[in-house]
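Chain letters run A, B, ... following the sequence lines, proteins first and then strands; every chain starts at 1.
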4 protein chains.
Amino acid sequence: MPLPKHLKPRKVPKQQRSRALVDAIVEATARVLVARGFESLNVAEVAEVAGVSIGSLYQYFPHKEALVVALLERHADRESAFLEARFTELRAATPAALLRTAVSAVLAFRALDPELHQALTSVIPIVGRFDDLRNRGARTAAHLRTLLEPLYRPKEGAPSLDELIFIVGNATHSLTHEGLLRRPESFSDQRLAEEISRLWTSYLGLEATPLE
Amino acid sequence: MPLPKHLKPRKVPKQQRSRALVDAIVEATARVLVARGFESLNVAEVAEVAGVSIGSLYQYFPHKEALVVALLERHADRESAFLEARFTELRAATPAALLRTAVSAVLAFRALDPELHQALTSVIPIVGRFDDLRNRGARTAAHLRTLLEPLYRPKEGAPSLDELIFIVGNATHSLTHEGLLRRPESFSDQRLAEEISRLWTSYLGLEATPLE
Amino acid sequence: MPLPKHLKPRKVPKQQRSRALVDAIVEATARVLVARGFESLNVAEVAEVAGVSIGSLYQYFPHKEALVVALLERHADRESAFLEARFTELRAATPAALLRTAVSAVLAFRALDPELHQALTSVIPIVGRFDDLRNRGARTAAHLRTLLEPLYRPKEGAPSLDELIFIVGNATHSLTHEGLLRRPESFSDQRLAEEISRLWTSYLGLEATPLE
Amino acid sequence: MPLPKHLKPRKVPKQQRSRALVDAIVEATARVLVARGFESLNVAEVAEVAGVSIGSLYQYFPHKEALVVALLERHADRESAFLEARFTELRAATPAALLRTAVSAVLAFRALDPELHQALTSVIPIVGRFDDLRNRGARTAAHLRTLLEPLYRPKEGAPSLDELIFIVGNATHSLTHEGLLRRPESFSDQRLAEEISRLWTSYLGLEATPLE
DNA sequence: TATGAATGAGGTTTCATTCAT
DNA sequence: AATGAATGAAACCTCATTCAT
């Protein structure tokens, strides 16, 4: 990774054929990244797995890092879509139930492809400078704000909403990402969601709600 | 990085001269790792920065990954030493104060060299298979257990101590590592330590204690 | 550039549209060649600068070298036209004045686009085998012969007219091409033309004529 | 040739072994350059012809252009040595004989390896920005100045010595380089040297001297 | 006829590792 | 024990050219 080159794909795929090609490449990147990790991932193999010539690959992705950035974006989009679908389902509920659902949703998405999720998490610091992580973080934070704003009644001397989002966001992220692979065996996804939810309700000063 | 080779350094440095040599190499690894990241770190540069011939380097480190593993170990040892020093200072105190101190200590260590801490965090998944991370986690967990055991009185249906340690450990880790770089400006180290401490006391059902 | 392929453009453009297209391509070749040099010139960029699809380009130019050869031809044609226009203007004059005019004309053409002239000069050895340079040289030699024949009265043991043309042609070429870029500051185009003319009149045993 | 990188070899060969290695590489560059031209010259082939691993090559030459620059330097050094040897032989002589000898010397050096000389001449514009051509020209000019200064007695309105050097130097260069390959068959090296010498004596206003 | 997506051979360069000195 | 020259596999990336649409 000598120098920051282009940040974005060289061309935007317009025709249907190219779109399929780009999809195949991104998918191959996912497979190879999980199998090998970023350092050992090599572009030729990605092209081969995608069933695409390496020249075609380079028409859309100017360098190795761009592959991973595209994958990161696809993954983030899918996660957003997934979570939003869950959220719109239940608009009304007790605060604690809301939280529990949110956490469950995150865990459920994570469970769709835990290895990929893990691989992508590790790769973020490496391609960081190629990727607009600020936006990514902002999107998640906005989600959280929507969720927490109506629930939170700060008392005198209590942290601001932004501070709260920082605390809750980071801690949850850890618990649902890196940490997830090493959790105690006694923790099912459901139990974990519950417990995280309990963490937040107590921290936020909300009433706990019994599980129904 | 073809295959997992040796896990440990080839020789254990006995004489004083060799020890200085190994130290210089590990220190150079730290510098280069921060400057370049793991993928771009190359062994020749490490040797040069260390003022050591590449041949000598290979007498003590069988491969590139071993450099980073050694650095990781040195860092963990220093962290342990640092934290333990802080802990033994105050044996008695209210639970909340104890927690607050613990979190402060972690933050303080982190602040000694934030970039290195960050770089090492990112590198763990890459050299994972060369490093005995289980031990590393276990050590931290043991610390936490020592800390939490006397404070925690689980009620009926509450999580076990191990589960608690998982929750508390992961969330704190995130808040004091990756997250630390992106925290809101309003969060000084002290305010952050306080808030994290408040998170845990409320979660653990302890009384909050005002700062003295 | 694996092997000598075709020497000539695939099609001869007949319709007006195609002619404009070919012109645009040759013009783009000139621009890119000056900017990048032959080795870095790439066909896709030429097509883009010409505002033409790469496919269209390949309908008229079978390979990269053909682009440069066409440019070389265009340039030679323009030079011939330019010089002939100057020559026909003055039919009668003293020999020295004639020579001075000839040299001036060459310098004047050179001054129209010195960078292009330079670039084309460098590129000749590279595309040599694709281009009929013999003809090109012959044309210039014929010009010179027309010019020198009436002026030259060889004495006993003196060089033949062909030898003379070789000497005069080569030396003038150098003085009006590569050398021109590095000439002493004291040499204006006019002074240089004068001096070259003086070189030839003395060599040819002609009387020098003062500038009018 | 994306960017001007290093201008000089990475290492300076110190040990005898390395010196032989560098020599072998430069020699192989000469062979391959003559056979293929600069554009088709590829580094792997140079290494192979030199009987050296490509890695070793890159320890001394940071990029393709550096190979040719080194060759250019070796050639210029050899030429200087060759010419100086000839010049010191005859200190005293008539001006015309002196000039004739100088021209002969240039032709003789040229004849040692005409194809290489030709190849190197063509390659100068390509690697120009990597090579310090200014110095190269200056060296030749200094030679010429030494030669011409005692011979030249400028009359009123005649060109300065520097201007003279420019004229003489460029024209001779052309006649002894590019032009040499296409000379008329009637021109032996000796006849050519004579004729060039005659060109200069008449231009410089010296008396011609019969060949002894 | 025009387009530009697709190809893949071919090229440059890096760098972990060995081993003669 | 120390050195650093040598190795060469392996990686990245370009670009002339083709051909389906």
Practice prompt. Report yes if the side chains of D/Phe61 and D/Val26 come closer than 4.5 Å at any heavy-atom pair, otherwise no.
Written response: yes
Discussion item. Could you check whether any side-chain heavy atom of C/Leu33 comes within less than 4.5 Å of a side-chain heavy atom of C/Leu67, counting everything from C-beta outward?
Written reply: no
Acceptor/donor pairs from residues 42-51 of chain A side chains to any protein atom, 3.5 angstrom cut, sequence neighbours excluded:
| unit_1 | atom_1 | unit_2 | atom_2 | d |
| --- | --- | --- | --- | --- |
| A/Glu45 | OE1 | A/Arg36 | NE | 2.9 |
| A/Glu45 | OE2 | A/Arg36 | NH2 | 3.1 |

Response to the item:
Intra- and inter-strand pairing of DNA chain E, written as dot-bracket with Watson-Crick and G-U pairs under 3.5 Å and | for the latter, reads .||||||||||||||||||||
Worksheet item: Under the salt bridge (charged side-chain N to carboxylate O under 4.0 Å, His left out) test, which residues partner D/Glu115, sequence neighbours left out?
Response: none
Worksheet entry | Nearest-neighbour nucleotide for the D/Val52 side chain, F/dA6, F/dT7, F/dA2 considered | F/dT7
Worksheet item: Which nucleotide sits closest to the side chain of D/Lys64: E/dT13, E/dT18, F/dC13?
Response: E/dT13
Worksheet item: Listed by chain and number, what are the side chain to side chain donor-acceptor pair (under 3.5 Å) partners of D/Ser56, not counting sequence neighbours?
Response: D/Ser53
Item to complete: Please identify each residue that fulfils side chain to side chain donor-acceptor pair (under 3.5 Å) with D/His75, with sequence neighbours left out.
Response: D/His117
Practice prompt. Identify, between D/Leu57 and B/Leu57, the residue whose nearest nucleotide on DNA chain F lies closer to the 5' end.
Written response: B/Leu57
Return the value, rounded to whole Å, for the distance between atom [atom1] of [X] and atom [atom2] of [N].
{"X": "A/Tyr60", "N": "F/dC13", "atom1": "OH", "atom2": "C1'", "result": "17 Å"}
{"X": "D/Leu67", "N": "E/dT12", "atom1": "CG", "atom2": "P", "result": "9 Å"}
{"X": "C/Glu65", "N": "F/dC15", "atom1": "CD", "atom2": "P", "result": "14 Å"}
{"X": "A/Leu41", "N": "F/dC13", "atom1": "CG", "atom2": "P", "result": "12 Å"}
{"X": "B/Glu48", "N": "F/dA5", "atom1": "CD", "atom2": "P", "result": "12 Å"}
{"X": "C/Tyr58", "N": "E/dT1", "atom1": "OH", "atom2": "C1'", "result": "18 Å"}
{"X": "C/Glu45", "N": "F/dT14", "atom1": "CD", "atom2": "P", "result": "13 Å"}
{"X": "C/Phe38", "N": "F/dA16", "atom1": "CZ", "atom2": "P", "result": "9 Å"}

Worksheet item: On DNA chain E, nearest-nucleotide positions of D/Val43 versus C/Gly51: which is more 5'?
Response: C/Gly51
Discussion item. Between E/dA6 and A/Gln59, counting only base atoms on the nucleotide and side-chain atoms on the residue, is there a donor-acceptor pair under 3.5 Å?
Written reply: yes
Discussion item. I need the minimum non-hydrogen distance between D/Lys64 and D/Glu39, along with the two atoms involved.
Written reply: NZ-O, 3.6 Å
Item to complete: Please round to the nearest 0.5 Å and tell me the distance separating atom CG of D/Leu71 and atom CG of D/Leu120.
Response: 4.5 Å
Might you list the N or O atoms of the protein lying below 3.5 Å from N or O atoms in nucleotides 8-10 of chain F, with each pair's distance?
| unit_1 | atom_1 | unit_2 | atom_2 | d |
| --- | --- | --- | --- | --- |
| F/dG8 | N7 | D/Gly55 | N | 3.1 |

Practice prompt. Please collect all side-chain hydrogen bond (donor to acceptor under 3.5 Å, both in side chains) contacts where either partner lies in residues 24-35 of chain B, sequence neighbours excluded, each pair once.
Written response: B/Glu27-B/Arg74
